[in-house]
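Following: one structure in structure tokens, then a few remarks.
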Amino acid sequence: MMSASDASHFPAPALPEVAFLGRSNVGKSSVINSLLGSKVAKTSSTPGRTRSINFFEVRWPGKPQPELIFTDLPGYGYARVSREVLQQWPSFIDPYLKGRSCLALCLALVDVNVPPQESDQQLLEFLSASGRPFVIVATKSDRLSGNQLRNSLQALSQKFPQICIVPFSARTGTGRDELWQQIRAAVESHAA
Ligand SMILES: Nc1nc2c(ncn2[C@@H]2O[C@H](COP(=O)(O)OP(=O)(O)OP(=O)(O)O)[C@@H](O)[C@H]2O)c(=O)[nH]1
Ligand SMILES: [Mg+2]
């Protein structure tokens with residue numbers, strides 16, 4: 001894993017990348033660990049744990065070379081995150097999202113347990129404006145009953161029509177296969 005908190009330290013863009021974005025504590029590091037089946041990304045109940053962009057190499061079973069990079073971005077929009085972290089947004093996250101040539105897919109994580117927040121809206125608008133392909137990952141779906149989950153997903157899709165929404169639980173593995181399919185499809189079409 002390598003880590004960068006300013007644009008001049010990003011690794012050379014050699015492999016397709018998938019970025020994980022969302023408010024602090026939404027479950028970014030947990031989704032990465034769930035997809036990879038190992039605890040590579042640090043998770044914490046203290047918001048604001050991830051302070052730089054962390055680049056994780058992803059290997060397919062039986063293949064020695066990495067095929068893909070997952071990037072774990074710092075969370076934002078949480079009151080307890082220091083001013084310092086917020087001020088770093090423009091200095092390295094913005095250039096990453098706008099300029100990174102190998103960025104194949106952005107995953108916008110939204111906690112499906114809470115009504116869509118202003119900062120979620122801002123992220124989704126930012127991604128729409130950037131022209132980057134993105135998918136919404138509705139995290140912590142295990143915390144809701146079937147009916148509650150359906151209502152909550154429906155509210156999300158009304159708010160963000162035409163955007164693919166994948167319900168996900170790092171705890172139960174719900175959504176893992178579907179999210180992998182989205183990632184593979186985006187990587188293939190990025191390469192084409
Ligand atoms: N029930 C449940 N809890 C989850 C799930 N995913 C994450 N959590 C919990 O949510 C908290 C935050 O998870 P992280 O993965 O560290 O969140 P993050 O978005 O990486 O947070 P920052 O790095 O601080 O921005 C932890 O206490 C996790 O255990 C999930 O699918 N289900
Ligand atoms: Mg994190």
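Note that the coordinates shown come from a computational prediction; the quantities given were computed from them, not determined experimentally. Positions are given from 1, in the same order as the sequence printed here. One-based numbering, in listed order, for ligands and for the atoms of each.
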Could you walk me through whether E125 and S128 pass the side chain to side chain donor-acceptor pair (under 3.5 Å) test, one step at a time? CA-CA 5 Å; E125 278 164 12; S128 298; over 6 Å; no
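Applying the 4.0 Å criterion to heavy atoms of S169 picks out, from ligand 1, the atoms 31 (O). Interface atoms of ligand 1 facing K28, defined by a heavy-atom separation under 4.0 Å, are 15 (O), 17 (O), 18 (P), 19 (O), 20 (O), 21 (O), 22 (P), 25 (O). Each of the atoms 6 (N), 30 (C), 31 (O) of ligand 1 lies under 4.0 Å from some heavy atom of A170.
Of the polar atoms of G27, at least one N or O is found under 3.5 Å from an N or O of ligand 1, judged by distance alone. Polar contact with ligand 1: present for S30 (N/O pair, distance under 3.5 Å). Here's the thing with R171: one of its N/O atoms is less than 3.5 angstrom from an N/O atom of ligand 1.
With a cut-off of 2.8 Å, the Mg ion (ligand 2) has no N, O or S atom of S30 in range.
In this structure a side-chain-to-backbone donor-acceptor pair under 3.5 Å is missing from T71 to N54. Looking only at distances, no side-chain donor or acceptor of R23 sits under 3.5 Å from a matching main-chain atom of V110. At least one donor-acceptor pair closer than 3.5 Å links the side chain of S130 to the backbone N or O of L127. In this structure a side-chain-to-backbone donor-acceptor pair under 3.5 Å is missing from E178 to G175.
Within the 4.0 Å heavy-atom cutoff, N25 counts among the residues contacting ligand 1.
Two rings, from W180 and F168, have their centers 6.0 Å or more apart.
In the model, T172 has no side-chain atom that pairs as donor or acceptor with a side-chain atom of D142 under 3.5 Å.
When non-hydrogen atoms are compared, ligand 1 lies under 4.0 Å from the side chain of D142 (C-beta onward) but not from its backbone.
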